[in-house]
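Taking it in order: structure first as structure tokens, then the write-up.
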Amino acid sequence: MKKCRTLFLIIFMIVQAVSFGEEALHVLSGGGATFPAPLYLSWFSDIEKDFGITIKYDAVGSGGGIEMLQERQIDFGAADLLLTGERNELSPDEILQIPATLGAVVVVYNLPGKPFLKLSADVIVAIFTGEINKWNDPLIQELNPGLLLPAMPIRVIHRSDPSGTTYLFSEFLSENSLQWEESFGTATKINWKIGMGVSGNSKVIEFLKIVPGSISYTGFNYAVENNLPMAAIGEKLTGFVSPMMTTISKAAEYAVIDNGLIHLEKKVGRDKYPISAFSYIIVFKEQNYSGRTLEISGDLMKMLQWSLTKGQEKAPLLLYAPLPQNVVLAADSLLRQIVFDGVPVMEVSRAQ
Amino acid sequence: VHNRLFLIMLLLFTTTHLESRTIKIGVQHFEPYISETESDSGLFLEFIKALASENDWKAEYVSASAEELREMLARDEIDLLCAIPYNREMKEQLDFNRETFISTWGVFYSNKKMELKSLTDTDKKAVAILQDDPYGKEFKTLANHLKLDLTIIEFKCGHLALEALQEGWVDIVLLDRFFGALQKKEYQLIKHPVIIAPSDLRFAVKIGKNSDLLQHIDRAMIWQRSNPESAYQQRIESWIELENYEQVPVFVYWLFIIIVAVIGFLVGANRLMKRQIQHQTASLQQKNAELEKEIKTRHNITLALQHTKSILEKTIDNMQDGLLIISPEADVLIIQNKALEKLFHYSEQETLQMLKNKLFENDKALWQKIRSSINVQGFFQDEMELQRNEGRLLPCEVYISEIEHVENSRLWIIVVRDITERIHLRQAQKMEAIGTLAGGIAHDFNNMLTPIIGYSQIVKMSLPDESDLQAYLDQIITVSERAKELVSQILTFSRKSELKRQPLRLVPLVKETIKLLRSSIPVTIYINESYDVENDLISGNPTQMHQIIMNICTNAAHAMENKQKGKLAIELYQHFGPVKGWTDNYLIDPQGFLCLAIRDNGIGMTNDVVRRVFEPFFTTKSANKGTGMGLSVVHGIVQNYGGMISVESQHGEGTVFYIYLPTVEANESVQDDTDIVFASEKPSEHILIVDDEAYIVDMNVHLLKSKGYQVTGTTRPEEAIQMIQDNPNKFDLLLTDQTMPEMTGMELASQIMKINSELPIILSSGYLNSIEKDKLHQFGIQGFLSKPYSMTQLLNMIQNLISKSAMIA
């Protein structure tokens, strides 16, 4: 009997050790926006080296990320747009939307000679609604006096899937064009009257390259990577601003911090690129859900803190504009609101 | 017309309360059912338009996306939706009319050939879909499920999608079945056999609202459907026709391909067959050539076989030996060659009978011997006598071997060789051997008799005539002389006698001998003589010839002793051509032979006797009737004369002896040695005597000394040479023996001639053939004495030579 008991004890200890081993694996899972995915994957690789925390990220689009978080399948979601609690979205009260990086939507086109175009919000609306359908239309020509534009038909390519990029683009157009706001508004998916719908940023660029005279919108980093000409956006009076790391970061300095929501207005301005936006990491304020542990919340906290500090230093290398200091501070204040069983995780992990 | 009237009546009746009603119709672009650009075009809208017009309604069209339209319907902002797929999802949200307006589905088109047999074939391709149709939506879902890596481009309308296809921006377009059919020709579309999202399109209203509207639609639809003239029906039919239009060309295309393929196949097959036929023809020609070659080869083989057969047949027929091939039971004869026929003079049947008698029936022991010999050593070989057709027995060597024949049967190959000649040769060799033996003995006897007679004569001369011993000495001399006679006969038989020969006429000699014979044979024997000769001259000794005739005739007389009428025929005739002797040896003399045939009808001789008849001391007579030397001596004499003797005898019938003798020309002289008269006066010459036999030397020394000669004797020829060398003129005559161990008398003579060519030389010998005799003069030999010589002969020759030499000197 004694022997049996000893044996049982040993087996129990082994089982315990194995289960402890599993807990010690430190795995986080997240999913959502495709736009910041390259940056995030780079970050998470570094974090695994620094802290031994493995982070899985599924780039399923902003909508998908929100959905997964809503169902509490993941530790964090990622979205390019600010959740406002409309429809079936998560209530902004239970979540925290932490700006992680800066993105920009740029207008790209496929024209012979890759000319540098200047476009105003009105002209963009006219193009994307089909009011202007030739490249040598006087309205475009007027904005680009030095260019000899071809008499090619304009072929609009837009996103056919629900997309944060579309949201930001339509948001910009809505903010600057009453006509657009009334006809289409701001949405992840627009009921386009013209053009060709393609799903995903990569496919948009792929198709744009095929179709001569085409125009579309995409993320800044995609356009840079594919060496596509990007239109400078502005108005004749204020001037045109080209999308660049500096002009995008500059836009972030105008961030609006409103009741825990940090976002950017898309109004055209003198030295800022107007279609700039934050990409957010979304977490539940209360971390104790679906049997999660304090350790996981601690790991999540480490990830978020690293992203706001070291992550920002790395962002320009991957063509993402770093967050300005004011935004980092605002974001940091959001991290403090993350709690586990009501106790701020930052405090607990710091105490540990 | 009646139908239409009825319908109008019906519609009027059912729609009275809908009078001047405004119906708001939600439309979204869905060609060819709803066209957004022209608000009232498209199959659905035309139908509604007609219905509204018939019912006097007012139709208003509201354009929005499908989703928006459903929202609007829910908010009662519109009354009716068109071209809504009748499926579970939609049934939950909307009320549908009962009748399906149209059944349709999505079809993939391209303008380039490509492999598109399933959805997975769209992988890595750019596919154009329409924004609001049910197929694009379904395709996106399926592509997502199948995890296909493709680019889906959504277009507002089909024409833009088709334009993109034409521009090459997209690879495939997913279109409505009928829209595709309508555009097919213009855009040169290739339809692929993949369809997607089959849908029944119907009209729909908000749940629980406007059900009367749906009833109107259903009724109108039923009417339209049942009426082939109706716009709806005609449109549908034209579309289906268009759709099928592509089926026909495809069918025709395939048919064409098949026909081309079949023609191609036939042409190919034809060519192939042609080639094969050519190939086969070539192959046949080759085979033909090979066959011809083979036929030629076979023909050659046949010729060769015939040739070989002919050679074999000729060989068999030309064989000296008899050849027989028979069954071992001697009941079937397969081959009998000509030689066998010649030997035995049998027909095939007679041959078989003879063999059967000889080998199988008469002599069981012989049969056993043959059988066991074949079994043990594979053949049988023996000598035996086989009977000829005429009854004579032929001495034969029989060789029998057994060979395997067809179907395990066996054959005997029998080779029969006539061995008469062999037996004769054997006899001749025997005679030769006996002759040599007898000659040798006779020679020695002669050597012994010479001193016996010599000394006896010396003693007789030394004794006074009145001595009693004279009578004894006479006895010795008489018996010795008889012995000398016997030895002489033996030597004659062995052809070593040296009787003088002379040209001799045979006819008188024969006649004379017959006279003598007449008196010595019984009177019952009739002697018939006949002569048919031109030249009867031979070289011979009359005594010997006499001896021959007497001997044979005496024998004949003995053979006819018991005959009532003995008949002795003596024939002498000329014979030209070859002569066959007793041993079947041949003699040829261009001058021809004289043949003496002596024939009797006596008891004859058996073959065994014939075979031995010439052997010395062989006799069938009783001891007192003969010595058995008679015929031997005859044989010896004839042989010595260069002639031949043969004998034919048939037992019980008689015997014939043929004696062939070579003739000589009349002028030919035969050397005649006449005796020299012995001189009586006492000589003083010095004579050298050489003989290996010491007693002969002694005898001669004694004899010649007694006659007054100086005599020196030696047994060694070399000593004699030495003596003459020392003093060549010392001797006046040399007497030498021929046969000596150190050197022959001739050799001695030739040596001495070199020293003193004048010296007379006498050679003596027991026997010496004629050739050697001819050579004597070459060696300087002037005299020859045949042993045993008499003292008188010796003294005469010495005296003769010495006097000759003196005369020359």
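Because the structure is a prediction, the values reported are computed rather than measured. A, B, ... follow the sequence lines: proteins, then strands. Residue 1 opens every chain.
- For the pair A:Trp192 and B:Lys156, the tightest heavy-atom approach, listed with the atom from each and the gap, is O-NZ, 3.1 Å.
- Surrounding NZ of B:Lys140 are more than 12 heavy atoms belonging to other residues, nucleotides or ligands, all under 6.0 Å away.
- Atom CH2 in B:Trp169 sits 8.0 Å away from atom CD1 in A:Ile157 (nearest 0.5 Å).
- Atom NZ of B:Lys24 sits in a sparse spot, with 12 or fewer heavy atoms from other residues, nucleotides or ligands closer than 6.0 Å.
- For B:Leu150, the part lying under 4.5 angstrom from a heavy atom of chain A is the backbone only.
- In this structure, CD1 on B:Ile129 lies 7.0 Å from OG on A:Ser160, to the nearest 0.5 angstrom.
- Heavy atoms of other residues, nucleotides or ligands lying less than 6.0 angstrom from CD of B:Gln188 number 12 at most.
- Taking the side chain as every heavy atom from C-beta outward, A:Asn191 and B:Glu68 approach each other to under 4.5 Å.
- Looking at B:Glu154 and A:Arg159, no side-chain N of the basic residue comes within less than 4.0 Å of a carboxylate O on the acidic one, giving no salt bridge.
- Only the backbone of B:Ile152 comes within contact range of chain A, with at least one heavy atom under 4.5 Å from a heavy atom of that chain.
- In this structure, OG in B:Ser65 is found 8.5 Å from NZ in A:Lys189, a value given to the nearest 0.5 Å.
- Between the OG1 atom of B:Thr151 and the CZ atom of A:Phe207 there is a distance of 8.5 Å, given to the nearest 0.5 Å.
- Side-chain contact check for A:Met196 versus B:Gln131: every heavy-atom pair is 4.5 Å or farther apart.
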